[in-house]
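Quick notes on the structure that follows.
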Amino acid sequence: MTLDLFSDAELPRGKEAIGPGAFVLRGFALPFVNDLLPALQEVEQGAAFRHLVTPGGLTMSVAMTNCGRLGWISDRRGYRYAELDPETGRPWPPMPAVFERLAQASAAEAGFEGFEPDACLVNHYEPGTRLSLHQDKDERDYGAPIVSVSLGMPATFLFGGFARSDKAARIPLVHGDVVVWGGPDRLRYHGVLPLEDRPHALLGRRRINLTFRKAG
Ligand code: SIN
Ligand code: FE2
């Protein structure tokens, strides 16, 4: 979309600008994967994936859990961050050190130094699962970027404008890709098209997405 903002020579290999403050970092998570997967299993054991209900009463097709000090939840009362998992009444599992390292390194690679996420929303997709266009706007301040890590089955990420009806770019994401959006792009609408059934060698018929936020 805005690739022409930069000449190819200025762009580090594998870093694609999709806006003035938004980048796809191709394969950036791959060196972390061996440590990410066991850490993810621990998070799942402490806080199981569940399908949340929207304020309007619809059950989301993406299954979600969280780690870190704050977790994003939705129910009939609205969307918000909470310190306790409503399913267990306990704090969310701590953010694994490798999650934090990857989030910080990704943000820095995209030009956002000093990112300190206090929330990681973990999304679990299966074939057919989609995520409709939305803005991430439940965080207290929009100064920090969103860092989004893709693992497992490929997906088509939609990156739109500042109104839901704005045309969205279709960005193919595969295992290991990281998308970072912040600054002037922090409130861009985004979503995920229904997943195709294309099993992944390590994760099978699943796509896991980690979104790191500074929520509180
Ligand atoms: C999200 O917007 O929370 C997730 C995006 C994705 O799964 O790529
Ligand atoms: Fe989002």
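Both backbone and side-chain heavy atoms feed into the values below; hydrogens, waters and symmetry mates do not. Just follow the structure's listing: the first ligand is 1, and inside any ligand the first atom is 1. Start at 1 with the first residue, then count along the sequence.
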**OP:** Taking only Lys NZ, Arg NE, NH1 and NH2, and the carboxylate oxygens of Asp or Glu, determine whether D197 and R205 approach each other closer than 4.0 Å.
**Re:** yes
Original post:
With side chains defined as the heavy atoms from C-beta onward, is the minimum distance between D75 and T54 less than 4.5 Å?
Top reply: no
**OP:** Would you mind naming the N, O or S atom of D136 nearest to the Fe ion (ligand 2)?
**Re:** OD1
Subject >> Shortest-distance N/O/S atom, H190 versus the Fe ion (ligand 2) >> reply: NE2
Subject >> More than 12 heavy atoms of other groups within 6.0 Å of R140 CZ >> reply: no
Original post:
Can W181 and Y142 be said to form a ring pair (Phe, Tyr, Trp, His ring centres under 6.0 Å), step by step?
Top reply: CA-CA 11 Å; W181 62 96; Y142 301 140; over 10 Å; no
Subject >> Side chain, backbone, both or neither: the part of R213 lying under 4.0 Å from ligand 1 by heavy atom >> reply: side chain
Subject >> Closest protein heavy atom (residue, atom, distance) for atom 8 (O) of ligand 1 >> reply: R207 NH2, 2.9 Å
Original post:
So do V179 and L173 actually touch side chain to side chain, heavy atoms under 4.5 Å?
Top reply: yes
Original post:
Starting from atom 7 (O) of ligand 1, which protein heavy atom do you reach first, and at what distance in Å?
Top reply: Y125 OH, 2.5 Å
Subject >> Shortest heavy-atom approach to atom 6 (C) of ligand 1 - which of T211, L158, V149, N209 >> reply: N209
Original post:
Given that the side chain starts at C-beta and the backbone is N, CA, C, O, which of these parts of L131 lies under 4.0 Å from ligand 1, counting heavy atoms, or is it both or neither?
Top reply: side chain
Subject >> Rounded distance (nearest 0.5 Å) linking atom CG of L102 with atom CG of L25 >> reply: 9.5 Å
Subject >> Proximal ligand 1 atoms for H190, defined as those under 4.0 Å from one of its heavy atoms >> reply: 2 (O)
Subject >> N/O separation below 3.5 Å, W181 to ligand 1 >> reply: no
Original post:
For atom 3 (O) of ligand 1, what is the nearest protein heavy atom, given as residue, atom name and distance?
Top reply: N123 ND2, 3.3 Å
**OP:** Assess the pair H190 and F159: is the distance between their ring centroids shorter than 6.0 Å?
**Re:** no
